[in-house]
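Below, all heavy atoms of this structure are taken into account, side chains as well, without hydrogens, waters or symmetry copies.
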Amino acid sequence: MTEFDSDEFYSLERPIHPRLLAATNGLHHHLFERCRLERQFQTYSGVPARRHMVDISHLYPGGVALSERIAAYSVRLLRQNGLTLPLGMEQQYRQELIHYYMLRSSMCYVSVTNKSGLTESFWATKQVSVLSALRERLSPVEKKKGVDRFTSCEALTYEELATGIFKVIKVMPDVDGFHLSKVKLNVKRRNICSTVYAMTHFANSLVKLLSAHSYRLLYMENGEPVERLTTLNRDVLASRMQTSPEQAVAVYESEYKNVFNYGYLTLPDLAKQQVSFRVPIVSIYSINRL
């Protein structure tokens, strides 16, 4: 028996880590360490893996798919909480169960594409204690209202599981802090979902990579592939902006560290003087050194 076979490894009763915004259990520690060491963007939405992405359905610690273990634990937990679930739910609703677990145990990054092809990105959770960990960053209005009004989102109903339409708490930044609202998220759609800590780590690894050399970047924009030459190399930026390396780096640092730009990178277009572009990190397909 390995640590991955123990229910304690997946426990949702653990406190929320204030920086990772995830339960301090074995699973999130394992996933965080993989983020740190492998420098890949972890998803749990079953989307086709790109070269720099890995979906947890492709992870097999201990010889068994991690997605299978999470789904099985979620079914046991839901049954303990009084939800009547027939045999075979682990397989039939595996993706929905994984979404339930991750939303219930962490703050998640969600990128949703609507029927018009427009993409919206936001943070989401089904766990009120995650919001409590964000208290100091909430807007004054949200602090006054409190977060207990969202406790109804924590439970998962059979209807949510069957339809894949979850009640979640949407977290969006504003000038006075984070604002909260209750929305519905269709987890059956081909959205890209991850943990906030996975997105943060991957963004930092991209910045580190782009700071070393110049690259050819391929990404999707409005359904079409776009190719640009770019870099975050301090010397190249300084020469391009006719300023010191420190000031040049500070300009772009202020962009990717700004919570309003979370999930995006603002980068210089090396083919056009004084032109920058903003790219959603999840839309990047490849990065090749020039």
Considering only heavy atoms from C-beta outward, does the side chain of [X] approach that of [Y] to under 4.5 Å?
X: L66; Y: Y60; result: no
X: S11; Y: E8; result: yes
X: T200; Y: Y262; result: yes
X: I16; Y: M107; result: no
X: I70; Y: L97; result: no
X: C153; Y: K182; result: yes
X: F32; Y: H201; result: yes
X: Y219; Y: I281; result: no

Measure from the side-chain N and O atoms of [X] to the backbone N and O of [Y], and report whether any donor-acceptor pair falls under 3.5 Å.
X: Q42; Y: L31; result: yes
X: S6; Y: E3; result: no
X: S105; Y: L12; result: no
X: S239; Y: D235; result: no
X: T2; Y: G62; result: no
X: N186; Y: I165; result: no
X: S45; Y: C193; result: yes
X: R94; Y: S67; result: no
X: E68; Y: S57; result: no
X: T125; Y: L103; result: yes

Joint hydrophobic cluster, [X] plus [Y], side-chain heavy atoms closer than 4.5 Å:
X: W123; Y: V141; value: no
X: V183; Y: V112; value: yes
X: V147; Y: V130; value: yes
X: Y252; Y: I287; value: yes
X: M199; Y: M220; value: no

Could you pull out the closest heavy-atom pair between [X] and [Y], with the gap in Å?
X: E154; Y: V128; answer: OE2-N, 2.9 Å
X: S276; Y: P268; answer: OG-CA, 4.0 Å
X: R278; Y: N261; answer: NH2-OD1, 3.2 Å
X: V75; Y: M89; answer: CG2-CB, 4.2 Å
X: S106; Y: A22; answer: CB-CB, 3.7 Å

Is atom [atom1] of [X] surrounded by more than 12 heavy atoms (other residues, nucleotides or ligands) closer than 6.0 Å?
X: E13; atom1: CD; answer: no
X: E33; atom1: CD; answer: yes
X: H29; atom1: NE2; answer: no
X: L290; atom1: CG; answer: yes

Residue pair L185, N191: steps toward the side-chain contact (heavy atoms from CB on, under 4.5 Å) verdict: CA-CA 10 Å; L185 175 65; N191 304 321; 4.1 Å; yes
side-chain contact (heavy atoms from CB on, under 4.5 Å) between R76 and D7, worked out: CA-CA 9 Å; R76 291 194 296 273; D7 277 3; 2.5 Å; yes
CA sep, side-chain torsions, deciding dist, call: F9, F4, ring pair (Phe, Tyr, Trp, His ring centres under 6.0 Å): CA-CA 6 Å; F9 186 80; F4 301 101; 4.9 Å; yes
Exercise: do T231 and N233 side chains pair donor with acceptor under 3.5 Å: no
Flag for Y197-H28: side-chain donor and acceptor within less than 3.5 Å: yes
For a quick test of your reading: what N or O donor-acceptor pairs under 3.5 Å do the side chains of residues 206-214 make, sequence neighbours left out?
from	atom 1	to	atom 2	distance (Å)
S211	OG	V207	O	2.6
H213	ND1	R289	NH2	3.2
H213	NE2	R289	NH1	3.4

T84/Y158 under side-chain contact (heavy atoms from CB on, under 4.5 Å): CA gap, chis, key distance, verdict: CA-CA 8 Å; T84 303; Y158 187 85; over 6 Å; no
Partner of E160 under salt bridge (Lys or Arg N to Asp or Glu O under 4.0 Å), chosen from K184, K126, K188, R104: K126
Ring geometry between F202 and H52 (parallel below 30°, tilted from 30 to 60°, perpendicular above 60°): parallel
Aromatic ring pairing F41/Y109, orientation class (parallel under 30°, perpendicular over 60°, tilted between): perpendicular
N-O pairing of E142 and R149 below 4.0 Å: yes
Salt-bridge criterion met for R234 and E246 (N-O under 4.0 Å): yes
Set of side chain to side chain donor-acceptor pair (under 3.5 Å) partners for T195, sequence neighbours left out: none
Cationic tip of R228 above F277 ring, under 6.0 Å, 45° of axis: yes
Output the distance between atom [atom1] ([X]) and atom [atom2] ([Y]), rounded to the nearest 0.5 Å.
X: E159; Y: F166; atom1: CD; atom2: CZ; result: 11.5 Å
X: L85; Y: E90; atom1: CG; atom2: CD; result: 8.5 Å
X: L232; Y: Y256; atom1: CG; atom2: OH; result: 7.5 Å
X: R240; Y: K272; atom1: CZ; atom2: NZ; result: 10.5 Å
X: M53; Y: H58; atom1: CE; atom2: NE2; result: 12.5 Å
X: N288; Y: L218; atom1: CG; atom2: CG; result: 8.5 Å

Identify all side-chain donor-acceptor contacts of residues 169-181 below 3.5 Å with residues at least two apart in sequence or on another chain.
from	atom 1	to	atom 2	distance (Å)
K170	NZ	E120	OE2	2.6
D176	OD1	H179	NE2	2.8

Worked verdict on Y264 versus V282 for side-chain contact (heavy atoms from CB on, under 4.5 Å): CA-CA 8 Å; Y264 289 81; V282 296; over 6 Å; no
